[in-house]
Amino acid sequence: MTRKLEVHQGRVSVEDIKLLTGEFEVESVHTLTLSNRGINDLTDVAFCTGLERLDISSNKLSRLQWIECCVALTFLDISNNSLSSLESLREFKNLQYLNAAGNVLQTFDSFIALKSLESLKSVIFQQDHLSNPICSKKTYKTYTLELLTQISYLDGNKVRGPGSEFASQCEEIEKLLAKTDESSQKPQFGQVEVPLIGDSGSSRFSLYFKQHSEGDEQVEQAKLAFQTALDNSQFLIQSAELAQKEALQLMHAD
């Protein structure tokens, strides 16, 4: 039976890891969850050379060099820390999923080390209330996709492969509607529900069109984009369903 881990002075030790996982040897640990424990030192995690999944989110980490030996990792959650660079991940050739939201990444150079990770498929720099300073730049998405040509998901959204076109169209609609919202003091909405994805067919994507007079340029653009999405939806919905299953397997695989 495993025990509750109490970290002392911000450092997790080999013995702590053994107690938490129930393993006799740390080299045998494949999954390790150390989230929200006030950790600022991961020196002994370096001995977990067999690690495939590591969650060190919501701690006090400003460096990652301690885990440079954990090159077998396929899943890494480092969200909600104080990291300003991801250079230490340069040799993580097996890494497929990375959540780095809620850190202090300020430049594109701060995560350029990810460019060489060919197995990387999903990267998160902003999620819910967690973000990074780099995400506020207008060129954030465009340049990130140019830099990380291997990824299929950015910030939880499909950006390449089957279903990405539909997701992009919906994103453009949201931007147009948001722009229209800003120019109106008394918004009124009409809702259109479009089946999106899900085995039960119950998942729905709601689009809101403000009721303005005909001829409003922004509204007309939104309607055109929406109609284009509908025209292509049947094929794209099927593709998106497959993409969603792929993402769920990637992010929740044991």
Side-chain angles (χ1 to χ4, degrees), residues 4-17 19-21 26 29 31-49 51-117 119-141 143-145 147-148 151 153-157 251:
K4 181 178 179 180
L5 176 64
E6 294 183 4
V7 175
H8 299 285
Q9 297 182 339
R11 178 173 178 174
V12 57
S13 68
V14 167
E15 292 305 314
D16 290 332
I17 295 171
L19 287 172
L20 181 64
T21 62
V26 291
V29 177
T31 299
L32 185 59
T33 300
L34 297 171
S35 59
N36 198 28
R37 298 181 186 275
I39 297 172
N40 56 31
D41 187 334
L42 292 170
T43 300
D44 287 2
V45 174
F47 295 106
C48 302
T49 53
L51 266 183
E52 296 177 1
R53 297 173 62 86
L54 176 61
D55 183 349
I56 46 177
S57 60
S58 300
N59 281 294
K60 299 178 180 180
L61 298 168
S62 59
R63 297 177 294 171
L64 287 175
Q65 73 270 25
W66 301 292
I67 64 170
E68 288 180 350
C69 296
C70 303
V71 293
L73 281 171
T74 60
F75 175 102
L76 178 60
D77 190 340
I78 53 176
S79 61
N80 200 22
N81 278 285
S82 301
L83 301 166
S84 58
S85 173
L86 303 183
E87 181 63 29
S88 296
L89 306 184
R90 183 175 293 275
E91 300 302 321
F92 283 37
K93 304 300 183 182
N94 296 306
L95 193 63
Q96 299 176 25
Y97 172 91
L98 172 66
N99 188 343
N103 282 284
V104 287
L105 304 175
Q106 299 192 40
T107 67
F108 293 108
D109 285 343
S110 63
F111 60 84
I112 197 170
L114 304 181
K115 184 177 181 179
S116 62
L117 307 185
S119 297
L120 191 62
K121 300 302 179 186
S122 179
V123 177
I124 297 176
F125 291 125
Q126 55 183 353
Q127 182 181 55
D128 299 327
H129 65 285
L130 298 176
S131 188
N132 280 277
I134 187 66
C135 299
S136 63
K137 294 182 179 292
K138 292 182 178 180
T139 57
Y140 160 67
K141 181 178 179 181
Y143 192 77
T144 299
L145 293 180
L147 184 66
L148 305 180
I151 66 173
Y153 296 86
L154 177 62
D155 299 333
N157 298 313
M251 291 187 282

### Message
Donor-acceptor pair, distance only, cut-off 3.5 Å: does the side chain of Asn40 make one with the backbone of Asn59?
### Response
no

## Note on the structure
Minimal heavy-atom distance between Glu87 and Ser85, with the atoms involved, is N-OG, 3.1 Å

#### Entry: Atom pair CG/OG of Asn103 and Ser84 - distance to nearest 0.5 Å
9.0 Å

### Task
Quick one: closest heavy-atom pair of Lys137 and Phe108, and the distance?
CD-CE1, 4.1 Å

### Query
Should Asn99 and Ile78 count as side-chain neighbours, where that means a heavy-atom distance under 4.5 Å?
no

#### Entry: Leu89 side chain near Leu114 side chain, heavy-atom distance below 4.5 Å
yes

### Query
With respect to Leu54, which candidate in Thr31, Leu76, Thr33 satisfies the side-chain contact (heavy atoms from CB on, under 4.5 Å) definition?
Leu76

### Query
Rounded to the nearest 0.5 Å, what separation is found between the CZ atom of Phe75 and the CG atom of Leu95?
9.5 Å

### Query
Is the number of heavy atoms from other residues, nucleotides or ligands under 6.0 Å of Lys93 NZ greater than 12?
yes

### Task
Could you pull out the closest heavy-atom pair between Ser110 and Leu105, with the gap in Å?
OG-CB, 3.5 Å

### Query
Only one of Leu64, Asn80, Ile39 forms a side-chain contact (heavy atoms from CB on, under 4.5 Å) with Ile56, so which one is it?
Leu64

### Message
Test your reading of the model: is there a side-chain donor-acceptor pair from Asn94 to the backbone of Gln96, 3.5 Å cut-off?
### Response
no

### Summary
To the nearest 0.5 Å, atom CG of Asp44 lies from atom OG of Ser13 at 6.0 Å

### Query
Between Ala46 and Cys69, which heavy-atom pair has the shortest distance, and what is it?
O-CB, 3.9 Å

### Message
Can you see whether Thr107 engages Asp109 through a side-chain donor-acceptor pair at a distance of less than 3.5 angstrom?
### Response
no

### Task
Would you give the length of the straight line joining atom CG of Leu117 to atom CD1 of Ile151, rounded to the nearest 0.5 angstrom?
11.5 Å

#### Entry: Rounded distance (nearest 0.5 Å) linking atom CG of Leu86 with atom CG of Leu98
6.5 Å

### Message
How close do Ser88 and Glu68 get, counting heavy atoms only, and between which atoms?
### Response
OG-OE2, 3.3 Å

### Query
Does any donor atom in the side chain of Gln106 or Asn132 lie under 3.5 Å from an acceptor atom in the other side chain?
no

#### Entry: Ala101 backbone acceptor or donor facing Asn81 side chain under 3.5 Å
no

### Message
Donor-acceptor check, side chain of Thr74 to backbone of Glu52, threshold 3.5 angstrom: yes or no?
### Response
yes

### Minimum heavy-atom distance Cys48-Cys70, with the two atoms named
O-SG, 3.7 Å

#### Entry: Residues Arg53, Asp77: salt bridge by 4.0 Å N-O rule
no

### Query
So, do Ile17 and Val45 sit near enough that their side-chain heavy atoms are less than 4.5 Å apart?
yes

## Note on the structure
When rounded to the nearest 0.5 Å, the distance separating CD1 of Ile67 from CG of Leu73 is 6.0 Å

### Query
Is a donor on one side and an acceptor on the other found under 3.5 Å between the side chain of Asp128 and the backbone of Leu130?
no

### Message
Can you confirm whether Phe111 sits close enough to Leu148 that some side-chain heavy atom of one is under 4.5 Å from a side-chain heavy atom of the other?
### Response
yes

### Query
Any idea how Tyr140 and Phe125 line up, ring-wise: parallel (<30°), tilted (30 to 60°), or perpendicular (>60°)?
perpendicular

### Query
Within the side chain of Asp41, is there an N or O that forms a donor-acceptor pair under 3.5 Å with the backbone of Arg11?
no

